[in-house]
Q: 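Structure incoming, see below.
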Amino acid sequence: MRFSRTLMTLALTTALSACIGGGGSVWQSGSSPTVIKYGRDQNPDPAKVAGLEQWIAAFRPRALASGVSAGTYDAAFREVIYNPEVIRRSNNQAEFTKSLWEYLETAVSDKRVANGRAMLARHAGVLNQIEATYGVDKEVVVAVWGMESSYGEKRGDLPLIEALATLSYDGRRAEFFQGQLIAALKILQAGDTDARHMLGSWAGAMGHTQFIPTSYLAFAVDFTGDGKRDIWSDDPTDALASTAAYLAKSGWQRGQPWGMEVTLPPGFGAAVSGKSAKRSGADWRAMGITRADGRPVPDGQAALLLPAGVKGAAFLIYRNFHAIERYNQADAYVIAVGHLSDRLKGGPGLKTPWPAGDSTLRMAERMELQERLTAMGFDTGGADGNVGQKTIAAVKAFQTARGLVPDGYPDREVLELLRRR
């Protein structure tokens, strides 16, 4: 899930507040009204309704012991009811089966680039102030905005306290959501918004750049100076500034790249690839690696990332890659934010074609790959379907043993070889 923060400007668009009440709606900029999905409108199971009411009463002492006042707690839960829509969405998260290149087609589409450039122009004054204050490129901040909510068009349609309470009572990660619920109550207590206007996703992500409550408490800022850290209204100023603040505190280096597409020399062995295998610019140049446009790679420590193995685009990634990664740990997300920010600056699309006909392994296939590697003595760290550094290292070791290019890419070819061993 996304651990987003907050974003941007001065006096921009006027907030058109939500009309909350049964079946209420809220205006979100550039879109038709968003209908809020209240539990009371979703025909909840009476037994679940009663169960949540009992849970709310039992949870109250813990919240109060955490610093939430009795008045804040009681007011926040006054209209909360079990929301089956939250559980339905949490149980219907489609498995991510798109390849990186299919994902990027949407994430960095021509429309998203055009809309992002329009936002840069519309909010130029405030974005320049944010960049000067936090040292984070305004294009990166806007790219996060585009990725998280399509520049404010899709900020969430669920009442957050109700969603987090439902998940705390009836979800699969109850302890996590209980922590987020307490954080959300503290936000209400601070007066940054009220329960009727605290809207978000089923998992608790809020506002223009989809902050979860604990991240909001840690990183949100009041950039407008109105006494509130407002990430929910149509004015994206505080949300954008908060996102910049989060990236800055995550190690963003002013004036440095997040990464860059590079060209590998013919016959490149790929053994030195991987996010932890950092080398100097001189080392990469000595290996024959150049920027995709043919210019030499710059100085500075970087790692070589091969998201599609040696069959697709390659990237040198720098410290700023890992700052974005703190926002969302998925490599695909970080590459999308970085590449979108480059496009917003006027840069070109990626030059290297992606492997034709290649497809991402499904969850069951990734687990099978891990199980087969483990059975052969290659440690993947477990068969959970998540391809982390241990799995990549295990794939590399297997590829080396088979005389293949050890790029660590767990594609269908590797799985078929494992099946035939």
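Heavy-atom basis, side chains included; hydrogens, waters and symmetry copies ignored.
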Q: Under the criterion salt bridge (Lys or Arg N to Asp or Glu O under 4.0 Å), I'd like the reasoning laid out for Glu365 against Arg412: C-alpha separation, chi angles, the key distance, then a yes or no.
A: CA-CA 9 Å; Glu365 293 172 321; Arg412 204 162 299 282; 2.6 Å; yes

Q: Check whether any side-chain heavy atom of Pro84 sits under 4.5 Å from a side-chain heavy atom of Asn43, and report yes or no.
A: no

Q: If I compare all heavy atoms of Gln210 with all of Gly207, which pair ends up nearest, and what's the gap?
A: NE2-O, 2.7 Å

Q: What's the verdict on side-chain contact (heavy atoms from CB on, under 4.5 Å) for Asp74 and Arg60, showing C-alpha distance, side-chain angles and the deciding distance?
A: CA-CA 9 Å; Asp74 296 340; Arg60 190 174 186 271; 3.0 Å; yes

Q: I'd like to know whether Trp202 forms a side-chain contact (heavy atoms from CB on, under 4.5 Å) with Leu167, so could you lay out the CA-CA distance, the side-chain angles of the two residues, the decisive distance to 0.1 Å, and finally the verdict.
A: CA-CA 9 Å; Trp202 69 266; Leu167 290 165; 4.0 Å; yes

Q: I'd like to know if the side chain of Gln399 reaches the main chain of Asp407, judged simply by a donor and an acceptor atom lying under 3.5 Å from each other, with no hydrogens or angles considered.
A: yes

Q: Is there side-chain contact between Lys138 and Ser341, with heavy atoms separated by less than 4.5 Å?
A: no

Q: Is there a donor-acceptor contact under 3.5 Å linking the side chains of Gln180 and Thr214?
A: yes

Q: Look up atom NZ in Lys37 and atom CD in Glu85, then write down how far apart they are to the nearest 0.5 Å.
A: 6.5 Å

Q: State, to 0.1 Å, how close Tyr103 and Tyr333 come at their nearest heavy-atom pair, and which atoms those are.
A: OH-CA, 3.7 Å

Q: For residues Asp170 and Trp55, is any side-chain donor paired with an opposing acceptor at under 3.5 Å?
A: no

Q: Below 4.5 Å, heavy atoms only, C-beta onward: do Ser69 and Leu64 meet side chain to side chain?
A: no

Q: If we ignore hydrogens and angles and just use 3.5 Å, is the side chain of Arg229 paired with the main-chain N or O of Asp222 as donor and acceptor?
A: no

Q: Between Gln178 and Arg62, do the side chains contain a donor N or O and an acceptor N or O under 3.5 Å apart?
A: yes

Q: Parallel, tilted or perpendicular: which describes the rings of Tyr327 and Tyr246, with under 30° parallel and over 60° perpendicular?
A: perpendicular

Q: Donor-acceptor pair, Arg112 side chain versus Leu340 backbone, under 3.5 Å?
A: no

Q: Any chance you could measure Leu181, atom CG, to Leu160, atom CG, to the nearest 0.5 Å?
A: 8.5 Å

Q: Checking Glu53 side chain against Val80 main chain: does a donor-acceptor pair fall under 3.5 Å?
A: no

Q: Report yes or no: does Asn386 contribute a side-chain atom to a donor-acceptor pair with the main-chain N or O of Gly388 at less than 3.5 Å?
A: no

Q: According to the salt bridge (Lys or Arg N to Asp or Glu O under 4.0 Å) rule, which pairs have a member within residues 372-388, sequence neighbours left out?
A: Glu368-Arg372, Asp379-Lys390

Q: Pair up each side-chain donor or acceptor in residues 308-321 with any protein partner under 3.5 Å, not counting sequence neighbours, and list the distances.
A:
from   : atom 1 : to     : atom 2 : distance (Å)
Lys311 : NZ     : Asp411 : OD2    : 2.6
Arg319 : NE     : Gly251 : O      : 3.3
Asn320 : OD1    : Gln253 : N      : 2.6
Asn320 : ND2    : Gln253 : O      : 3.1
Asn320 : ND2    : Gln256 : O      : 2.8

Q: Answer yes or no: is there a side-chain heavy-atom contact under 4.5 Å between Asp230 and Thr193?
A: no

Q: Over all heavy atoms of both residues, which pair between Thr166 and Tyr82 is shortest? Give the atoms and the distance, please.
A: CG2-CE1, 3.8 Å

Q: Test side-chain contact (heavy atoms from CB on, under 4.5 Å) on Leu104 and Trp101 and set out the steps.
A: CA-CA 5 Å; Leu104 289 176; Trp101 39 103; 5.6 Å; no

Q: Would you say that Pro307 contacts Ile335 through its side chain, given a criterion of any heavy-atom pair below 4.5 Å between the two side chains?
A: yes

Q: For Asp192 and Lys228, what are the C-alpha separation, side-chain angles and deciding distance, and is it a salt bridge (Lys or Arg N to Asp or Glu O under 4.0 Å)?
A: CA-CA 5 Å; Asp192 288 304; Lys228 296 183 178 181; over 6 Å; no

Q: Could you walk me through whether Tyr216 and Trp232 pass ring-ring contact (aromatic ring centres under 6.0 Å, His included), step by step?
A: CA-CA 12 Å; Tyr216 176 98; Trp232 300 275; 5.4 Å; yes

Q: To the nearest 0.5 Å, what is the distance between CG (Leu415) and CZ (Arg362)?
A: 13.5 Å

Q: So, Glu162 side chain and Gly39 main chain: donor-acceptor pair closer than 3.5 Å or not?
A: yes

Q: Could you walk me through whether Thr391 and Leu369 pass the side-chain contact (heavy atoms from CB on, under 4.5 Å) check?
A: CA-CA 9 Å; Thr391 298; Leu369 178 138; 4.2 Å; yes

Q: Between Arg155 and Gly152, is there a donor-acceptor pair closer than 3.5 Å when you use the side chain of the first and the backbone of the second?
A: yes

Q: Do you see a donor-acceptor pair shorter than 3.5 Å between the side chains of Thr380 and Thr374?
A: yes

Q: Please examine the side chains of Leu305 and Asp331, heavy atoms only from C-beta on, and report whether any two atoms are closer than 4.5 Å.
A: yes

Q: With distance as the sole criterion, is a donor-acceptor pair present between the side chains of Thr352 and Glu261 under 3.5 Å?
A: yes

Q: Any side-chain donor-acceptor pair under 3.5 Å between Asp235 and Ser233?
A: no

Q: Just verifying a value: how many Å separate Asn115 CG and Arg122 CZ, rounded to the nearest 0.5 Å?
A: 9.0 Å

Q: Flag yes if more than 12 heavy atoms outside Lys111 fall under 6.0 Å of its NZ atom; otherwise flag no.
A: no

Q: Rounded to the nearest 0.5 Å, what separates atom CE in Met206 from atom CD in Glu148?
A: 12.5 Å

Q: Let me see the working for Ser273 and Lys396 under side chain to side chain donor-acceptor pair (under 3.5 Å), right down to the final yes or no.
A: CA-CA 10 Å; Ser273 64; Lys396 279 190 171 188; 3.1 Å; yes

Q: Quick check: does any side chain N or O of Arg117 sit under 3.5 Å from a backbone N or O of Arg343, one acting as donor and the other as acceptor?
A: yes

Q: Apply side chain to side chain donor-acceptor pair (under 3.5 Å) to Trp258 and Asp137, showing your working.
A: CA-CA 10 Å; Trp258 68 273; Asp137 301 22; over 6 Å; no

Q: Spell out, as yes or no, whether a donor-acceptor pair under 3.5 Å connects the side chain of Tyr73 to the backbone of Ile56.
A: yes

Q: Measure the shortest side-chain to side-chain distance between Leu304 and Val262 over non-hydrogen atoms and say whether it is less than 4.5 angstrom.
A: yes

Q: Check Lys275 with Glu325, please: is the shortest side-chain N to carboxylate O separation under 4.0 Å?
A: yes

Q: Do you know which two heavy atoms are closest between Ser201 and Leu158, and how far apart they sit?
A: C-CD1, 4.0 Å

Q: Looking at Lys186 and Ser66, would you say the former's side chain and the latter's main chain have a donor-acceptor pair under 3.5 Å?
A: yes

Q: With a 4.5 Å cut-off on side-chain heavy atoms, are His123 and Trp145 touching?
A: yes

Q: To check you understand the geometry: which heavy-atom pair defines the closest contact between Ala195 and Leu188, and what is its length?
A: N-CD2, 3.4 Å

Q: Scan side-chain atoms only and decide if Asp194 and His197 contain a donor-acceptor pair under the 3.5 Å cut-off.
A: yes

Q: Measuring from Leu120:CG to Lys345:NZ, what's the distance to the nearest 0.5 Å?
A: 10.5 Å

Q: Could you report the tightest heavy-atom contact between Leu164 and Gly204, atom names first, then the distance?
A: CD2-CA, 4.0 Å

